[in-house]
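Report on the structure given below.
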2 protein chains.
Amino acid sequence: MSDDHWVPPTVLLAVDLVILTLRESRLQVLLIERGIEPYQGALALPGGFLGHEKEDLVTAAHRELAEEAGLGPDQLHLEQLGLYGAPDRDPRGRVVSAAYLAIAPRLPEPVAGTDASQACWTPVTQALSGNAQLAFDHEQILTDGIDRAREKLERSALATAFCGPTFTIAELQDVYEAVWGVRLDPRNFYRKVQSVDGFIVSAGPSRKAEGGRPARLFRPGPRTTLHPPMTRPQGQADKETA
Amino acid sequence: MSDDHWVPPTVLLAVDLVILTLRESRLQVLLIERGIEPYQGALALPGGFLGHEKEDLVTAAHRELAEEAGLGPDQLHLEQLGLYGAPDRDPRGRVVSAAYLAIAPRLPEPVAGTDASQACWTPVTQALSGNAQLAFDHEQILTDGIDRAREKLERSALATAFCGPTFTIAELQDVYEAVWGVRLDPRNFYRKVQSVDGFIVSAGPSRKAEGGRPARLFRPGPRTTLHPPMTRPQGQADKETA
DNA sequence: CGGCCTTCCTGTCAGAGTGACAGTAAGTCT
DNA sequence: AGACTTACTGTCACTCTGACAGGAAGGCCG
């Protein structure tokens, strides 16, 4: 804002992904083992630089999603998480990273990634336990992503993104219990979920028996925001997105 | 990820600010009249490019806040809003903008901006009415910022950021009414606000009479997240941060 | 000084929502 | 046929909320 010939600095723009899913009733995140420096051999969130000068951010996120996780844009929730741009976060230079949060339904065991052979699902408790050191500031990004997911489960229909096209109420409850890390009363959950107008709609009195009485199937409803919200028990945690 | 000599594209990184405050019981945003192309003469959110290669994002936001609005880092809420990086949003080239949301308490009338003489507070209803065309995608950014503020008022103590160091419950209610655009019952608001543990704490049985019975003064409490949350009446809006 | 206005604060009460149970329905397994 | 498993329905007390009435504490007027 002073010189006429002043030129603003340029930066490298990367896209990093927090891809969450539910496996074995546990919240898991997709991590890859880095093949190149820096942080070679360490675990990291999938991601990469912008493909070309004109590539859209969401497009880049979807491209990485396909390259590194083999996930198509269908049946998948994707939202921007935030921008991580500390000057010293990447030793190679000034790299700012747009983090995206993706929620994937249960999918076949192998990741089937074309690009990253070392991609693997990891329980988030393990990824954040401190034992597995993550590259860059990815631990912070992952924490923020999980926090976001936890919050959005309260007020939005995000939970259905963890499920397939149809699901039972018990499966939906599994999502809430795994992401929030709490136990919920099935009866009250049943009542609550059905009382929220437009959250889930019946998908035929079908069956999917497995040891007990067959459960009814549901599909995601038209509502994306929940009124009243789902309430998380004793969530007294005092955190901020400052 | 294919060529050894491939070099990722660089982008220009800008910081834009949504600065909200309460004036005359209305939610207002700081806009400036652009002095240079593109969009010369149009209204825009304050902002600018990164100062130098090593500047931190939050630092840049604070710098713009001081330059364009004369606001110091004290007594001011600042949080990241999102990244806006559509390839064609700036005709000059690939510019991605990190948007920040700032909440300022009531302050003396003149903006006292050193840099932008054309800065002026504008009611958000007017800024978004469509009459005042905003530059770039700033209308979208502003909308997202207001949405964020509305949501955070429910679950966080953000409302106190609109007030001075001490305030009355009626003033706090003004904040909620202006940001949410609704009328609230003073009696119920009084009860609710005091029942949320740690939201506000008494600041002496002081007075500030103005026509009626003097009101008690309060200060922001230690809590940043509210349990239970403040409930917004009939907020049936179906919006998503997709 | 005593009304009368203003605004602030305290109660009350019915209805909705929630947490903690018991109990019934509908399948599979042995 | 029973036992077992899971799915679904009901009930009941408690809390929270929204919609009021009414008293407290100042200024302003005559």
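Letters go in sequence order (proteins before strands), and every chain restarts at 1.
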In terms of side-chain heavy atoms, does Tyr84(B) have a donor or acceptor partner in Asp16(B) at a distance below 3.5 Å?
no

According to salt bridge (Lys or Arg N to Asp or Glu O under 4.0 Å), who are the partners of Arg213(B), at least two apart in sequence or on a separate chain?
none

Could you run down nucleotides 24-30 of chain C 5' to 3' and tag each one B, S or - for protein heavy-atom contact under 4.0 Å?
-BBB---

Any residue in residues 161-194 of chain B with a heavy atom nearer than 4.0 angstrom to DNA chain D? Just list them by number, or reply none.
Asp185(B), Arg187(B), Asn188(B), Arg191(B), Lys192(B)

Taking only residues at least two apart or on different chains, which pairs with a member in residues 132-179 of chain A satisfy ring pair (Phe, Tyr, Trp, His ring centres under 6.0 Å)?
Tyr39(A)-Phe136(A), Phe136(A)-His138(A), Tyr176(A)-Trp180(A), Tyr176(A)-Phe189(A)

Counting only N and O atoms by type, is there a donor-acceptor contact under 3.5 Å from the side chain of [X] to the main-chain atoms of [Y]?
{"X": "Glu64(B)", "Y": "Ala61(B)", "answer": "no"}
{"X": "Asp137(B)", "Y": "Gln140(B)", "answer": "no"}
{"X": "Glu68(A)", "Y": "Gly47(A)", "answer": "yes"}
{"X": "Lys152(A)", "Y": "Ala159(A)", "answer": "no"}
{"X": "Glu177(B)", "Y": "Asp174(B)", "answer": "no"}
{"X": "Arg23(B)", "Y": "Arg106(B)", "answer": "no"}
{"X": "Gln80(B)", "Y": "Leu83(A)", "answer": "yes"}

So which of residues 195-204 of chain A are in contact with DNA chain C, with a heavy-atom cut-off of under 4.0 Å?
none

Could you tell me whether the side chain of Pro233(B) reaches within less than 4.5 Å of the side chain of Leu184(B), counting heavy atoms only?
yes

Span of DNA chain D, from the first to the last nucleotide whose atoms fall under 4.0 Å of chain B heavy atoms
dT17(D) to dG26(D)

Rounded to whole Å, please give me the gap between CZ in Phe218(B) and C1' in dC8(C).
11 Å

Step through the shown structure and confirm whether more than 12 heavy atoms of other residues, nucleotides or ligands are within 6.0 Å of CG on Asp185(A).
yes

